[in-house]
Amino acid sequence: DMGPSGSPLHVLREFRDRGAAWLDDDSQATVKLVVAITVLALAVRVIFLGSRVAHFDEGRVAYWAWHYGETGNFAYRYIIHGPFIQHVDRWLFALIGPSDFSMRLPVAVVGGLLPLSALLLRDHLGRSEIVSLALLFTLDPALIYYSRFMRSDVLVAAFMFTAFAVLVRLYDTRKPRYMY
């Protein structure tokens, strides 16, 4: 029983069937969907990125990055999980100026690009699974929150997951470019 033609259930099934037909007609549909989802992920993370005042943890690391840029004196502090953010923010502060927005931008961009990593697993996941993984990386509340906060949590998670996915892709294709 499909229900009456105007029922919400019938409309949803019709929408699903039209969407499936569109996907079947386009060999690059999955890539296009994941790219569109990634654009959404970047927008969600970047819009109003600097509207919140810096948290103490963010502020001290941003200060260290600013100090490094101003003086050239760099000191590694293990408490911040590595020097990546200090080096990137040093250049961003010189380029666009120190602000709450610019200090958070590297983490937001890495978090926003994470949905693209789902494409690396295309030999193991179906189309709907790839798109679902990209949506999960885009809409997961914890990933959104920490992608808008200058900490290394999202950086470590994104780099680790992407390294894993690239390793799987290297194993599948045996193409050296995935090793590099």
Side-chain angles (χ1 to χ4, degrees), residues 28-70 72 74-122 125 129-170 177-180:
Q28 294 297 311
T30 305
V31 173
K32 290 175 184 177
L33 280 170
V34 171
V35 168
I37 290 167
T38 302
V39 169
L40 173 66
L42 285 166
V44 165
R45 284 153 176 81
V46 172
I47 294 173
F48 302 119
L49 185 61
S51 64
R52 189 174 37 84
V53 174
H55 183 278
F56 171 76
D57 285 342
E58 293 177 301
R60 68 183 176 160
V61 177
Y63 172 76
W64 295 332
W66 173 82
H67 181 73
Y68 177 35
E70 291 293 312
F74 175 77
Y76 173 69
R77 293 170 176 84
Y78 64 88
I79 196 165
I80 64 163
H81 310 282
F84 176 83
I85 197 77
Q86 281 179 275
H87 288 289
V88 173
D89 273 351
R90 170 190 178 205
W91 292 104
L92 272 176
F93 289 172
L95 184 66
I96 61 176
S99 67
D100 292 337
F101 175 84
S102 61
M103 77 172 178
R104 294 182 183 123
L105 189 59
V107 180
V109 169
V110 170
L113 293 176
L114 184 57
L116 288 175
S117 66
L119 292 171
L120 293 168
L121 301 172
R122 62 186 169 269
L125 301 176
E129 294 165 330
I130 293 168
V131 171
S132 296
L133 181 59
L135 282 170
L136 174 70
F137 288 156
T138 298
L139 301 175
D140 178 71
L143 285 174
I144 292 172
Y145 178 80
Y146 284 106
S147 290
R148 295 175 53 82
F149 193 87
M150 191 182 92
R151 286 186 46 106
S152 297
D153 305 294
V154 167
L155 297 175
V156 171
F159 294 152
M160 288 177 64
F161 183 82
T162 303
F164 166 74
V166 168
L167 182 65
V168 169
R169 191 81 183 140
L170 171 66
R177 69 179 179 213
Y178 293 109
M179 183 170 52
Y180 298 114

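Atoms considered below: every heavy atom in the structure, side chains included; atoms not considered: hydrogens, waters and symmetry mates.
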Exercise. Measuring from His55:NE2 to Met150:CE, what's the distance to the nearest 0.5 Å?
Worked result: 11.5 Å
For this session: Kindly give the heavy-atom pair with the smallest separation between Ala118 and Ala134, and that separation in Å.
Result: CB-N, 4.1 Å
Problem set entry | Any donor-acceptor N/O pair, Gln86 side chain to Pro83 backbone, under 3.5 Å | no
Exercise. Can you tell me how far OG of Ser51 sits from CG of Asp100, rounded to the nearest 0.5 angstrom?
Worked result: 9.0 Å
Problem set entry | Presence of salt bridge, Arg151 and Asp57, under 4.0 angstrom | yes
Seminar exercise, completed: Rounding to 0.5 Å, atoms CZ (Phe101) and CG (Leu92) come to a distance of 9.0 Å
Seminar exercise, completed: Between the CG atom in Leu105 and the CZ atom in Phe93, the distance rounded to the nearest 0.5 Å is 10.5 Å
Exercise. Just how far is it from atom CZ of Phe149 to atom CD of Glu58, taken to the nearest 0.5 Å?
Worked result: 4.5 Å
Exercise. So with a 6.0 Å cut-off around OH of Tyr180, is the heavy-atom count from everything else above 12?
Worked result: no
Exercise. Is a salt bridge present between Glu129 and Arg122, judged by a nitrogen-to-oxygen distance below 4.0 Å?
Worked result: no
For this session: Work out which heavy atom in Val154 is nearest to a heavy atom in Leu143; give both atom names and the distance.
Result: CG2-O, 4.2 Å
Problem set entry | Residue pair Leu125 / Leu133, side-chain heavy-atom distance below 4.5 Å | yes
Problem set entry | side chain to side chain donor-acceptor pair (under 3.5 Å) partners of residues 140-150, not counting sequence neighbours, each pair once | Arg45-Ser147
Report, one line per pair, each donor and acceptor closer than 3.5 Å where one atom sits in a side chain of residues 159-169; sequence neighbours left out.
unit_1	atom_1	unit_2	atom_2	d
Thr162	OG1	Ala158	O	2.8
Arg169	NE	Tyr178	OH	3.4
Arg169	NH1	Asp123	OD2	2.9

For this session: Mind running side chain to side chain contact (heavy atoms under 4.5 Å, CB included) on Ile37 and Leu135 for me, showing each step along the way?
Result: CA-CA 7 Å; Ile37 290 167; Leu135 282 170; 3.8 Å; yes
Problem set entry | Intermediate values then yes/no, side chain to side chain contact (heavy atoms under 4.5 Å, CB included), Thr38 and Thr138 | CA-CA 7 Å; Thr38 302; Thr138 298; 6.0 Å; no
Seminar exercise, completed: Value for CG (Leu42) from CG (Leu114), rounded to nearest 0.5 Å, stands at 10.5 Å
Exercise. Once the angle between the rings of Tyr68 and Phe74 is folded into 0 to 90°, is it parallel (under 30°), tilted (30 to 60°) or perpendicular (over 60°)?
Worked result: tilted
For this session: Could you tell me whether the side chain of Asp89 reaches within less than 4.5 Å of the side chain of Ser102, counting heavy atoms only?
Result: no
For this session: Could you tell me whether the side chain of Ser152 and the main chain of Leu155 form a donor-acceptor pair under 3.5 Å?
Result: no
For this session: Assess whether side chain to side chain contact (heavy atoms under 4.5 Å, CB included) is satisfied between Trp66 and Met103, documenting all intermediate values.
Result: CA-CA 10 Å; Trp66 173 82; Met103 77 172 178; over 6 Å; no
